[in-house]
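One-based numbering, in listed order, for ligands and for the atoms of each. Values below: all heavy atoms of this structure, side chains included; hydrogens, waters and symmetry mates excluded.
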Amino acid sequence: MLGLDVDELTAGTTPVTRLTIVSPRGERVSRAFSRPAFVVPRRVLDHRLVLAAQAAGAVLRRRRVRSVTQTSTGVVVDDDIVARVVVGADGAESVVRRQCGAGGVPEGTVALAVRGYAPTDLAAEQHLTLAAAHWPAYAWVFPIGDGTANVGYGEVVRREPVTRAKLTERLHRLLPGLDPVPLRGHRLPLSPGRPDPGHGRVLLAGDAASLINPLTGEGIYYAVLSGSLAGAAALTADPARAYRAALRRRLGRHLRHTDVLARLTRRSWPLDLAVRAARDDRRAFDRLVEIGLGAGTLDARLLFAFSRAVSPR
Ligand SMILES: Cc1cc2nc3c(=O)[nH]c(=O)nc-3n(C[C@H](O)[C@H](O)[C@H](O)COP(=O)(O)OP(=O)(O)OC[C@H]3O[C@@H](n4cnc5c(N)ncnc54)[C@H](O)[C@@H]3O)c2cc1C
């Protein structure tokens, strides 16, 4: 995965082979993935990543970081740890982001989501239901292969405040009959609000760098990728510069395209077209999956499929 050489990350997980998407106006596409996807619960994924890092020589120490200060020679954490470089991978409420001067998360670039686990008959098929109300919003069912599924609902925060009660009610409305537990909620800082990821000897990765796909809310791929790029950049003479360049190389074009798509999909009707295009054109479906889950970009084929979806024969 991502060239990390940690093959056991998905071990024992049944691959998800199919994706069904229902658009805000009820257009539907159901197709097999070109490559399998995996739904691995976070406690399992995180544990495996930690074991792999330790096997490679990393030392795990747990503490809640409260302050991060740069000096002329390094970075001081909580007044008692001195590091040459710090990678802030401390999530959506990042202390490191605030303290290194990267600023907060800009308005209009945050989503809120809730998710839990529920029994399901689905074995290897993911479902996304895009919501017409409270757009941009969608509900999902991602089976994990043991008879249960990761089930949730999220929406981009606009003017109206979004509460946990509202998210829960909207989840139940879109997915009647499913009662996921325990229902946990969190903020998602979306990538159009990303800050400069490198500040001297402090680098930001994952959610701390607002690396969440604005179209799908997916952030694990970016978090693992940016974390590994930050780790490699930390070994260079100019970590911030090396990190910025590496991120630009791996994700720059993709992030520019998802920024544009996020603006174009502030209204829900382009999603109806996208789902229609994916239904009628296998390669358009594959492209959209890569844009939503990986580092895919817009291309002529996808634009052609959109144009055909505007005027279906
Ligand atoms: C409901 C919901 C469902 C989602 N579903 C998916 C999905 O299906 N697929 C997907 O790709 N993405 C999903 N995402 C997004 C994904 O969870 C995040 O993008 C991803 O977790 C980012 O990883 P991270 O390591 O940057 O941050 P986190 O996973 O948030 O990890 C941050 C870590 O830093 C620690 N930390 C925080 N503050 C401090 C501090 N001061 N000191 C020390 N440690 C600290 C935290 O305890 C935590 O361990 C979902 C998000 C939500 C809210």
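Of the N or O atoms in Asp207, one or more lie within a sub-3.5 Å distance of an N or O in ligand 1. For ligand 1, one of its N or O atoms has an N or O atom of Gly219 under 3.5 Å away.
Distances from atom 32 (C) of ligand 1 to the protein include at least one heavy-atom value under 4.0 Å. The protein does not reach atom 4 (C) of ligand 1 closely, with no heavy atom under 4.0 angstrom from it. Within a 4.0 Å radius of atom 48 (C) of ligand 1, the protein contributes no non-hydrogen atoms. Distance check on atom 27 (O) of ligand 1: some protein heavy atom falls below the 4.0 Å cut-off.
Contact check on Arg282 versus Asp286 returns a salt bridge, with a Lys/Arg side-chain nitrogen under 4.0 Å from an Asp/Glu carboxylate oxygen. With respect to the salt-bridge test (charged N to carboxylate O, under 4.0 angstrom), the residues Arg301 and Asp281 qualify. Taking a cutoff of 4.0 Å between a charged side-chain nitrogen and a carboxylate oxygen, Glu155 and Lys166 do not qualify as a salt bridge. Electrostatic pairing of Asp80 and Arg63 counts as a salt bridge here, judged by a charged N lying under 4.0 Å from a carboxylate O.
Looking at atom 16 (C) of ligand 1, its nearest protein heavy atom turns out to be Ile220 CD1, 4.1 Å. Of all protein heavy atoms, the one lying nearest to atom 51 (C) of ligand 1 is Leu188 CD2, 3.6 Å. For atom 17 (O) of ligand 1, the closest heavy atom belonging to the protein is Arg42 NH1, 3.7 Å. Ranking protein heavy atoms by distance to atom 45 (C) of ligand 1, first place goes to Asp90 CB, 3.9 Å. The protein heavy-atom contact nearest to atom 10 (C) of ligand 1 is Glu218 OE1, 3.2 Å. With hydrogens left out, the protein atom closest to atom 41 (N) of ligand 1 is Val65 O, 2.9 Å, a heavy atom. In terms of protein heavy atoms, atom 53 (C) of ligand 1 is closest to His186 CB, 3.3 Å. In terms of protein heavy atoms, atom 44 (N) of ligand 1 is closest to Arg63 O, 4.1 Å.
Distances below 4.0 Å separate heavy atoms of Trp140 from the following atoms of ligand 1: 3 (C). Taking every non-hydrogen atom of Ala89 and a distance limit under 4.0 Å, the qualifying atoms of ligand 1 come out as 32 (C), 33 (C), 34 (O). Close contacts of ligand 1 with Ala113, meaning ligand atoms under 4.0 Å from a residue heavy atom, involve 1 (C). Listed by number with element, the atoms of ligand 1 under 4.0 angstrom from any heavy atom of Gly217 are 12 (N), 13 (C), 14 (N), 15 (C). Interface of Phe142 with ligand 1, defined as ligand atoms under 4.0 Å from a residue heavy atom, comprises 8 (O). Each of the following atoms of ligand 1 lies closer than 4.0 Å to a heavy atom of Gly206: 26 (O). Short contacts between ligand 1 and Val95, defined as distances under 4.0 Å to a heavy atom of the residue, involve ligand atoms 41 (N). For ligand 1 and Ile212, the ligand atoms under 4.0 Å from any heavy atom of the residue are 19 (O).
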Item to check | Test log, rule salt bridge (charged side-chain N to carboxylate O under 4.0 Å, His left out), inputs Asp280 and Arg308 | outcome: CA-CA 9 Å; Asp280 295 345; Arg308 280 171 48 125; over 6 Å; no
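Residues Thr109 and Ser210 have side chains not in contact (no heavy-atom distance under 4.5 Å, counting atoms from C-beta outward).
Residues His254 and Tyr222 bring their aromatic ring centres within 6.0 Å.
Residues Arg18 and Ser30 bring a donor and an acceptor atom of their side chains to less than 3.5 Å of each other.
Residues meeting the ring-ring contact (aromatic ring centres under 6.0 Å, His included) test with His127, sequence neighbours left out: none. In this view, Thr14 satisfies the side-chain hydrogen bond (donor to acceptor under 3.5 Å, both in side chains) rule with no residue, not counting sequence neighbours.
In this structure, the side chain of Arg97 does not engage the main chain of Leu204 through any donor-acceptor pair within 3.5 Å. In this structure, Arg48 contributes its side chain and Ala11 its backbone to a donor-acceptor pair below 3.5 Å. A donor-acceptor pair is defined here as one N or O able to donate and one able to accept, closer than 3.5 Å; no such pair exists between the side chain of Arg98 and the backbone of Gly103.
Counting non-hydrogen atoms of neighbouring residues, nucleotides and ligands closer than 6.0 angstrom, the CZ atom of Arg173 exceeds 12 such neighbours.
Residue-ligand proximity: Arg66 is placed with every non-hydrogen atom at 4.0 Å or more from ligand 1.
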